[in-house]
Amino acid sequence: MRIARFSIDGNVAFGAVEGDKQDELVLDIIKGIPFTDFELSGTKVPLNKVRLLPPVLPNKVVAYGRNYAEHARELGNEVPDAPFAFFKPSTSVIGSGDEIQYPSFSQDLHHEAELAVVIGRMCREVPRERVQDVILGYTCANDVTARDVQKREKQWARAKGFDTSCPLGPWVETDLDLATASDLTIQLTVNGEQRQLGRTSEMIHPIADLIVNITEAMTLLPGDVILTGTPAGVGPLNVGDEVAVTIEGIGTLTNKVVKRG
C-alpha cells in the first residue's frame, strides 16, 4: 500500500494511493493513522486536487553518512568501519512539491538521493531477526547539504539540518519487504539531467545493520525516519533547479530550489 499524507480544504489526513497512471491517481481516505490498525473510509479524492505533505512528521530523522563507498571516495573521505550517524531536525522536513530554500549562509548546496526507512512502532534494542517488524515502509529522501559549511564546521548541524533540507515523499510504500528494499535502483535528476544512479545493494552497512545500530542507543518512535546514505554523483544545486529523486518500486520526490526569502 502507498500511504500519503495530504491536506484538502484546510484538513489534514492520510490516504491510500490507488491507481497506476499519474494523472488518474486517487486517495482513499484512511480512518485513523497508519501506525495502528486502520480502515479505508471509501471516500476518495483525486490526488491532483490535494496538496501532498511530508508522508510522516518524524520526531527525529537519523541519517547515516558515507554508507556508499564510491560516495565516500568522491568527497575524499575514508569508508567508515562502523555506521556513522547524525541527525536532521523535524523542522528540516518538507514534502514533495515543496520548495528547498537555498540557505543564506552557504554558497555550495548539494543534492543527495537516499532511501528512507519509516519506523512503524516504538522500538529499542531491536534484534536483527526482528528488524522487519518495526518498519512501516519506505519513501524517497534528499539529504540536501550545504557542502561548504559541512567542510568548515566539525559538527554537521547547520550544514545538514537547516530548514527545508530534508525533502521526503511522495508517500510511504508499505509493500516492500526488507530483502526487496535492499536492492532497488535509486536515481536523481536535476532539470531532467541524471546526476546520481545506484542501487541500495551498494550500501556498506545494510538497512538491518543501521536499525540495530541506532536502537542500541535510543528509542525510535512511530514515524521516525532513517536515511540510509547516498550513492556517488552528488553535486551542486542552484536557485531555479528542479531536483527529483526516483526509487524503484516507490515513486518520485520532486522539489524546486528557491532563494531563501
Side-chain angles (χ1 to χ4, degrees), residues 1-62 90-91 93-98 114-127 129-141 166-182 184 207-208 210-211 214-215 218-228 245 247-253:
M1 180 180 292
R2 293 169 292 177
I3 298 176
R5 182 171 162 270
F6 65 95
S7 66
I8 184 171
D9 298 329
N11 298 308
V12 175
F14 289 95
V17 182
E18 299 178 349
D20 298 316
K21 296 181 179 179
Q22 183 64 34
D23 58 352
E24 297 178 0
L25 296 178
V26 297
L27 289 161
D28 191 336
I29 297 176
I30 288 173
K31 295 180 179 180
I33 59 174
F35 306 110
T36 59
D37 293 336
F38 64 85
E39 296 179 358
L40 298 178
S41 68
T43 301
K44 300 184 180 184
V45 293
L47 186 68
N48 59 16
K49 298 296 184 182
V50 308
R51 178 192 170 196
L52 281 179
L53 301 174
V56 289
L57 285 179
N59 174 272
K60 53 188 170 292
V61 177
V62 182
S90 59
T91 48
V93 174
I94 58 174
S96 188
D98 290 339
E114 308 209 5
L115 174 70
V117 183
V118 179
I119 298 301
R121 55 185 291 185
M122 186 169 69
C123 57
R124 182 169 65 94
E125 296 184 350
V126 180
E129 63 272 15
R130 296 290 304 278
V131 164
Q132 180 67 62
D133 297 341
V134 306
I135 297 173
L136 174 67
Y138 302 87
T139 192
C140 306
C166 189
L168 296 174
W171 41 64
V172 178
E173 174 57 73
T174 66
D175 284 344
L176 296 174
D177 61 21
L178 187 60
T180 304
S182 298
L184 300 173
I207 296 166
L210 304 183
I211 292 177
I214 196 62
T215 61
M218 67 189 65
T219 300
L220 297 181
L221 302 175
D224 281 350
V225 170
I226 296 175
L227 305 188
T228 58
V245 178
I247 301 180
E248 177 186 1
I250 298 176
T252 299
L253 165 69

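Checked by atom type and distance alone, the side chain of Asn59 never pairs as donor or acceptor with a backbone atom of Asp224 at under 3.5 Å. The backbone N or O of Met1 sits less than 3.5 Å from a side-chain atom of Thr174, completing a donor-acceptor pair. Thr215 contributes a side-chain N or O that, together with a main-chain N or O of Ile211, makes up a donor-acceptor pair within less than 3.5 Å.
Classification of Lys49 and Asp9 as a salt-bridged pair fails, no side-chain N sitting under 4.0 Å from a carboxylate O.
Taking CG from Leu136 and CD1 from Ile119, the interatomic distance works out to 9.0 Å, rounded to the nearest 0.5 Å. The line from OG1 of Thr139 to CD1 of Ile3 is 11.0 Å long, rounded to the nearest 0.5 Å. The distance from the CD atom of Gln22 to the CG atom of Leu47 is 6.5 Å, given to the nearest 0.5 Å. The NZ atom of Lys60 lies 9.5 Å from the CD1 atom of Ile226; values are rounded to the nearest 0.5 Å.
Of all the heavy atoms in Pro58 and Ser90, the pair that sits closest is O-CB, 3.3 Å. In terms of heavy atoms, Leu168 sits closest to Ala116 at CD2-CB, 4.3 Å. Scanning all heavy atoms of the two residues, the minimum distance from Trp171 to Arg2 falls at NE1-CD, 3.6 Å. Listed here is the closest heavy atom pair of Val126 and Cys123: CG2-CB, 3.6 Å. Taking all atoms of both residues into account, the shortest heavy-atom contact from Phe6 to Phe14 is CE2-C, 3.7 Å.
Counting heavy atoms of neighbouring residues, nucleotides and ligands inside a 6.0 Å radius, atom CE of Met218 exceeds 12 of them. Within 6.0 Å of CG in Asp177 there are more than 12 heavy atoms belonging to other residues, nucleotides or ligands. No more than 12 heavy atoms of other residues, nucleotides or ligands sit less than 6.0 Å from atom CD of Glu39.
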Please assess Val134 against Leu220 for the test side-chain contact (heavy atoms from CB on, under 4.5 Å), listing each intermediate value before the final yes or no. CA-CA 9 Å; Val134 306; Leu220 297 181; over 6 Å; no
Could you walk me through whether Leu184 and Thr180 pass the side-chain contact (heavy atoms from CB on, under 4.5 Å) check? CA-CA 7 Å; Leu184 300 173; Thr180 304; 4.2 Å; yes
Give the intermediate values and the outcome of side-chain contact (heavy atoms from CB on, under 4.5 Å) for residues Arg51 and Asp98. CA-CA 10 Å; Arg51 178 192 170 196; Asp98 290 339; 3.1 Å; yes
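Each of Ile250, Leu176, Leu227 was checked for a side-chain contact (heavy atoms from CB on, under 4.5 Å) with Leu115, and the lone residue meeting it is Ile250.
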